[in-house]
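Single-structure report; data block below.
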Amino acid sequence: MQGQSCMLEAPRVVTIRQGARNINRSVQIMNVASVPSTESGSNTKSYVRVGVLGASGYTGSEIVRLLALHPIFQVTLMTADRKAGQSLSSVFPHLLAQELPDLIAINDADFSKVDGVFCCLPHGTTQEIIAALPTNLKVVDLSADFRLRDVNEYEEWYHGPHRAPHLQKEAVYGLTELRRDKIQSARLVANPGCYPTSVQLPLVPLLENQLIEKDGIIIDAKSGVSGAGRSAKEANLYTEIAEGLHSYGVTNHRHVPEIEQGLTEAAGSKVTVSFTPHLIPMSRGMQSTIYVQMKSGITVDDLHWHLSDRYKNEEFVRILPKGAVPHTHHVRGSNYCFVSVFKDRIPGRAIILSVIDNLVKGASGQALQNFNLMVGVKEDCGLLQQPLFP
């Protein structure tokens, strides 16, 4: 798949301006509203103008990193209230080579100059901001604010009322491989959480096809420290994290209702899981080890075959050969999810291993995958970087 263009249909040559340079690329842009030309007096569509709200956080900077290789999307707006007036390279020196606008406060943002936004703000702050955006904008929200369809459930788990319930009805849950058709026509996509992504990709097809029991699902999940965000917290200091491992959010992690919402829909009746996350002293990466009871007469070979068949045409979800164990190192820096299935020593049970990079497939990479679909370019555009190893 490497080296493929982002074309969906017949190409046309457009000029994309990068600083003082013009680069001609053959691309096909579909369903993008009011994309202005970079050339005076012309109404030719040239590129899709993208805003990143909350660019000084890990998911925001990861969006910017991924967009550096995107031939169609150009970052024209970045907000970060506490870093307003600074360059992004002063906050993230690894992005020095990119030519980017300076960070500004969100209240100073001119949204008439963008065609879509990635919203990378903390949960609880996003609803009113998105509600105030122009309705012609495509929006991918990386917070949890629009993931739960039941606003009462949101209030229960996030300890505050939902401030844009009218938008909740419009929001499409963006687990790309399982919601592709709805995402393509969406204006607002709720990007899934990292743990729910790693859990639902293997379990939803198995529940939909009644290959596993809906009861007794146990999820033992582990994440790198970047999943906790970039804000200074005592619990995330080096001496608190290094050379050890600990559980957190035991019985009350906020990703539980999101996981159960997706699995319940797949099973057709209420699913309750046992979910325990752990923090690992690494910067990025995530593994979910999932224990399931198979339906009577179903074998591990059946699970492996069905998952392989379900994802055989998917670029980013790979079912490994029997006996292969996925490592978080194997997906580091990439948008891939690697899955393996093993027979448990307990009769009738199976063990499923699912690994992702929590900042890419678990956040910014999947957000870009969704935005590609929303504006009508190839889904894998800008995302075919191979994992970084060692």
Side-chain angles (χ1 to χ4, degrees), residues 1-2 59 62 66 140 142 147 173-180 183 189 191-208 212 217 219-224 226-227 255 258-259 262-263 266 273 275 277 280 282 284-292 303-322 324-342 350-373 379-389:
M1 298 292 288
Q2 283 283 44
T59 57
E62 194 75 349
L66 295 171
V140 179
L142 281 78
R147 295 175 189 162
Y173 186 69
L175 192 55
T176 319
E177 285 77 13
L178 303 179
R179 304 273 180 151
R180 187 172 283 117
I183 293 166
V189 166
N191 212 59
C194 46
Y195 287 123
T197 294
S198 68
V199 170
Q200 291 181 89
L201 284 173
L203 289 192
V204 164
L206 301 181
L207 285 167
E208 284 180 340
I212 61 174
I217 297 174
I219 304 161
D220 177 358
K222 298 173 177 66
S223 174
S226 58
H255 283 176
E258 183 182 344
I259 292 171
L263 300 188
V273 301
F275 173 77
I280 299 289
M282 60 185 184
R284 60 166 78 205
M286 174 169 288
Q287 174 171 319
S288 290
T289 304
I290 308 166
Y291 304 88
V292 298
L303 303 189
H304 187 274
W305 182 90
H306 187 82
L307 288 173
S308 298
D309 186 65
R310 173 62 181 81
Y311 291 115
K312 64 185 177 183
N313 295 320
E314 295 291 348
E315 174 62 32
F316 297 120
V317 181
R318 299 302 179 102
I319 311 305
L320 301 189
K322 295 175 183 178
V325 177
H327 298 194
T328 57
H329 274 158
H330 297 167
V331 295
R332 180 181 173 88
S334 80
N335 198 50
Y336 288 95
C337 173
F338 287 180
V339 176
S340 282
V341 185
F342 289 84
I351 303 170
I352 300 170
L353 307 179
S354 175
V355 300
I356 61 173
D357 186 316
N358 59 292
L359 289 178
V360 190
K361 186 57 174 173
S364 305
Q366 186 155 230
L368 179 52
Q369 193 178 352
N370 286 328
F371 197 75
N372 281 337
L373 282 172
E379 181 179 320
D380 58 11
C381 192
L383 287 170
L384 287 174
Q385 308 93 316
Q386 293 302 285
L388 178 64
F389 182 87

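Quick caveat: nothing in here was measured; it's all calculated off a predicted structure.
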Atom pair CG/CD1 of Leu203 and Ile352 - distance to nearest 0.5 Å
5.0 Å

Is the backbone N or O of Gly285 less than 3.5 Å from a side-chain atom of Asn358, with the two atoms forming a donor-acceptor pair by type?
yes

Measure the shortest side-chain to side-chain distance between His330 and Val355 over non-hydrogen atoms and say whether it is less than 4.5 angstrom.
no

Main chain of Gly174, side chain of Asn370: is a donor-acceptor contact present, judged purely on distance under 3.5 Å?
yes

Quick one: are Phe275 and Pro277 in side-chain contact, heavy atoms under 4.5 Å?
yes

Below 4.5 Å, heavy atoms only, C-beta onward: do Ile219 and Ile259 meet side chain to side chain?
yes

Can you check side chain to side chain contact (heavy atoms under 4.5 Å, CB included) on Cys337 and Ser198, steps first, answer last?
CA-CA 7 Å; Cys337 173; Ser198 68; 5.7 Å; no

Using modelled atom types only, decide if a donor and an acceptor are shared between the side chain of Asp220 and the backbone of Thr289 within a distance under 3.5 Å.
no

Stepwise side chain to side chain contact (heavy atoms under 4.5 Å, CB included) test for Ile217 and Val199
CA-CA 11 Å; Ile217 297 174; Val199 170; over 6 Å; no

Are Thr176 and Glu379 side-chain neighbours, meaning at least one heavy-atom pair lies under 4.5 Å?
yes

Salt bridge (Lys or Arg N to Asp or Glu O under 4.0 Å) involving Arg147 - partner list, sequence neighbours excluded:
Glu258

Measuring from atom CG of Leu359 to atom CZ of Arg284, what distance do you get when rounded to the nearest 0.5 angstrom?
4.5 Å

Residue pair Gln366, Glu177: steps toward the side chain to side chain contact (heavy atoms under 4.5 Å, CB included) verdict
CA-CA 10 Å; Gln366 186 155 230; Glu177 285 77 13; 4.1 Å; yes

Got a second to check how far Gln287's CD is from Ile356's CD1, nearest 0.5 Å?
11.0 Å

Taking side chain as C-beta onward, heavy atoms only, is Arg332 less than 4.5 Å from His327?
no

For His306, does the NE2 atom have more than 12 heavy-atom neighbours from other residues, nucleotides or ligands under 6.0 Å away?
yes

Would you mind reporting whether Met286 and Tyr195 have side-chain heavy atoms less than 4.5 Å apart?
yes

When Gln385, Glu315, Arg318 are each screened for side-chain hydrogen bond (donor to acceptor under 3.5 Å, both in side chains) with Tyr336, the one that passes is Glu315

Does Gln386 use its side chain to pair, donor to acceptor, with the backbone of Leu384 at less than 3.5 Å?
yes

Looking at side-chain heavy atoms only, is the closest gap between Leu66 and Ser364 below 4.5 Å?
yes

Ignoring hydrogens and geometry, is there a side-chain-to-backbone donor-acceptor pair from Ser288 to Ser354 under 3.5 Å?
no

Any chance you could measure Leu201, atom CG, to Tyr311, atom OH, to the nearest 0.5 Å?
4.5 Å

Rounded distance (nearest 0.5 Å) linking atom CG of Leu206 with atom CD1 of Ile212:
5.0 Å

Side chains of Leu307 and Pro205: does their closest heavy-atom pair fall under 4.5 Å?
yes

For Ala367, give me all partners under side-chain contact (heavy atoms from CB on, under 4.5 Å), at least two apart in sequence or on another chain.
Ile63, Phe118, Val140, Leu142, Asn191

Between Arg310 and Glu208, does any NZ, NE, NH1 or NH2 come within less than 4.0 Å of an OD or OE carboxylate oxygen?
no

Going from CG on Leu320 to CG on Leu353, what distance comes out if it is rounded to the nearest 0.5 angstrom?
9.0 Å

Worked check of side chain to side chain contact (heavy atoms under 4.5 Å, CB included) between Cys194 and His255
CA-CA 9 Å; Cys194 46; His255 283 176; 3.9 Å; yes

